[in-house]
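Remember, predicted model here, so these are calculated numbers, not experimental data.
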Amino acid sequence: MTMTHRDRDAVLSADPLPAEPERAEGQPKRDLSDTEIDLRGVRRLTRQFRGVVPAVRLQELSAEVEKSSAADVVLAATFTNNLLRLQGTVHAEVERVCARCLVPFATPLQAALDRLFVPGPDPAGADSQQEMVVELTYLEDYRLPLRTVVEEELLLALPMIPLCQQACAGLCATCGVDRNREPCHCEDAAMEGPFAVLKNLTTN
């Protein structure tokens, strides 16, 4: 397969897809857990996907958090010139444990994605001398499961260190009190101990 910059730019410059009609109030959202884009024999494609992926199907995400809501998904797919462009947003609410105070807290995960996929094997495989194009993902079986993309994006949106708030004071290492909720005087007590006078000594 030969891919030129012109082919890639053709996908990147594609016009946004028209908005999908609003879902009727009270109507359940479409379950996208088993939805996939199958590119076998397809030359052109324009599709939109709106729905949810239930938390029970987000197994890798569930392993990283305490709880997770269903993921809300709004995606647009355009396939032309042998390039699949997937754009949209993914949103979920998760519960994690703060790394400083050890208190569970809820936080939203919001991922805006714009990714390119190519059907077929990666030409930069182990036996290939071609340079890998890092911004492309190759689909060896010509299929793209939407749940896989949704979960990947949510995992990438997870902060490496979970904090209930940036200014979290954490737990006192001496008495274990949560310093976000009540004052801790351990440091003051230590300074006022029998060796407190040593802090005033200087070395020549």
Practice task
Could you check if a side-chain atom of V97 sits within less than 4.5 angstrom of a side-chain atom of V103, using non-hydrogen atoms only?
Solution key: no

Practice task
Please answer: with hydrophobic residues joined when any side-chain heavy atoms are less than 4.5 Å apart, are L139 and L146 in the same cluster?
Solution key: yes

Problem - Nearest heavy-atom neighbours spanning S68 and L61 - result: OG-CD2, 3.6 Å

Practice task
Check whether any side-chain heavy atom of Y138 sits under 4.5 Å from a side-chain heavy atom of P119, and report yes or no.
Solution key: no

Completion exercise
When every non-hydrogen atom of C101 is compared with those of L171, the smallest separation belongs to O-CD2, 3.6 Å

Problem - Non-hydrogen side-chain atoms of E153 and R115 separated by less than 4.5 Å - result: yes

Practice task
Hey, could you give me the CG/CD distance between L144 and E36, rounded to the nearest 0.5 Å?
Solution key: 8.5 Å

Problem - Side-chain heavy atoms of L58 within contact of V53, under 4.5 Å - result: yes

Practice task
Answer yes or no: is there an ion pair linking R57 with D34, defined by an N-O contact shorter than 4.0 Å?
Solution key: yes

Handout entry: CD/Q59: more than 12 non-hydrogen atoms of other groups inside 6.0 Å
Key = no

Problem - Smallest separation among heavy atoms of A77 and F49, with atom names - result: CB-CE1, 4.0 Å

Practice task
Kindly indicate whether the side chain of E95, heavy atoms from C-beta on, has any atom under 4.5 Å from the side chain of E93.
Solution key: no

Practice task
Kindly indicate whether the side chain of T89, heavy atoms from C-beta on, has any atom under 4.5 Å from the side chain of Q110.
Solution key: yes

Problem - Shared hydrophobic cluster for L109 and L113 (ILVMFWY, side-chain gaps under 4.5 Å) - result: yes

Handout entry: Side-chain touch V65/K67, heavy atoms, less than 4.5 angstrom
Key = no

Practice task
Can you see which heavy atom on K29 is nearest to which on G51, and at what distance?
Solution key: CB-CA, 4.4 Å

Practice task
Calculate, to the nearest 0.5 Å, the distance between atoms CG and SG belonging to D178 and C168 respectively.
Solution key: 6.5 Å

Practice task
Is it possible for you to say whether L163 and L155 belong to one hydrophobic cluster, with membership spreading through side-chain heavy-atom contacts below 4.5 Å?
Solution key: no

Practice task
Determine whether more than 12 heavy atoms belonging to other residues, nucleotides or ligands lie under 6.0 Å from atom CD1 of I161.
Solution key: no

Handout entry: Flag, side chain of D114 to backbone of Q87, donor-acceptor distance under 3.5 Å
Key = no

Exercise for the section: Look only at the side chain of N81 and the backbone of L83, and say whether a donor-acceptor pair between them is shorter than 3.5 Å. Expected result: no

Problem - side-chain contact (heavy atoms from CB on, under 4.5 Å) evaluation trace for V118 with T137 - result: CA-CA 6 Å; V118 180; T137 301; over 6 Å; no

Exercise for the section: Spell out, yes or no, whether V52 and L154 are grouped together once hydrophobic residues are joined by side-chain heavy atoms under 4.5 Å, including indirect joins. Expected result: no

Handout entry: Check: S33/R147 side-chain N/O donor and acceptor closer than 3.5 Å
Key = no

Handout entry: N/O donor-acceptor pair under 3.5 Å between E151 side chain and E60 backbone
Key = yes

Practice task
Measure the shortest side-chain to side-chain distance between L39 and L45 over non-hydrogen atoms and say whether it is less than 4.5 angstrom.
Solution key: yes

Handout entry: Exam field: side chain R96 to backbone P159, donor-acceptor pair closer than 3.5 Å
Key = yes

Practice task
Check the hydrophobic clustering (I, L, V, M, F, W, Y; side-chain heavy atoms under 4.5 Å; chains of links allowed) and say if Y142 and V149 are grouped together.
Solution key: no

Handout entry: Non-hydrogen atoms of L86 and F117 that approach each other most closely
Key = CB-CE1, 4.0 Å

Practice task
Kindly determine whether L32 and L75 satisfy side-chain contact (heavy atoms from CB on, under 4.5 Å), including the steps that lead there.
Solution key: CA-CA 11 Å; L32 301 175; L75 295 175; 6.0 Å; no

Problem - Contact summary for P108 and H91, nearest pair of heavy atoms - result: CB-NE2, 3.9 Å

Exercise for the section: Nearest 0.5 Å please: distance from the CZ atom of R85 over to the CG atom of L116. Expected result: 7.0 Å

Handout entry: Nearest-0.5 Å distance that lies between atom CZ in R100 and atom CD in Q165
Key = 9.0 Å

Problem - Ion pair D38/R40, N-O distance below 4.0 Å - result: yes

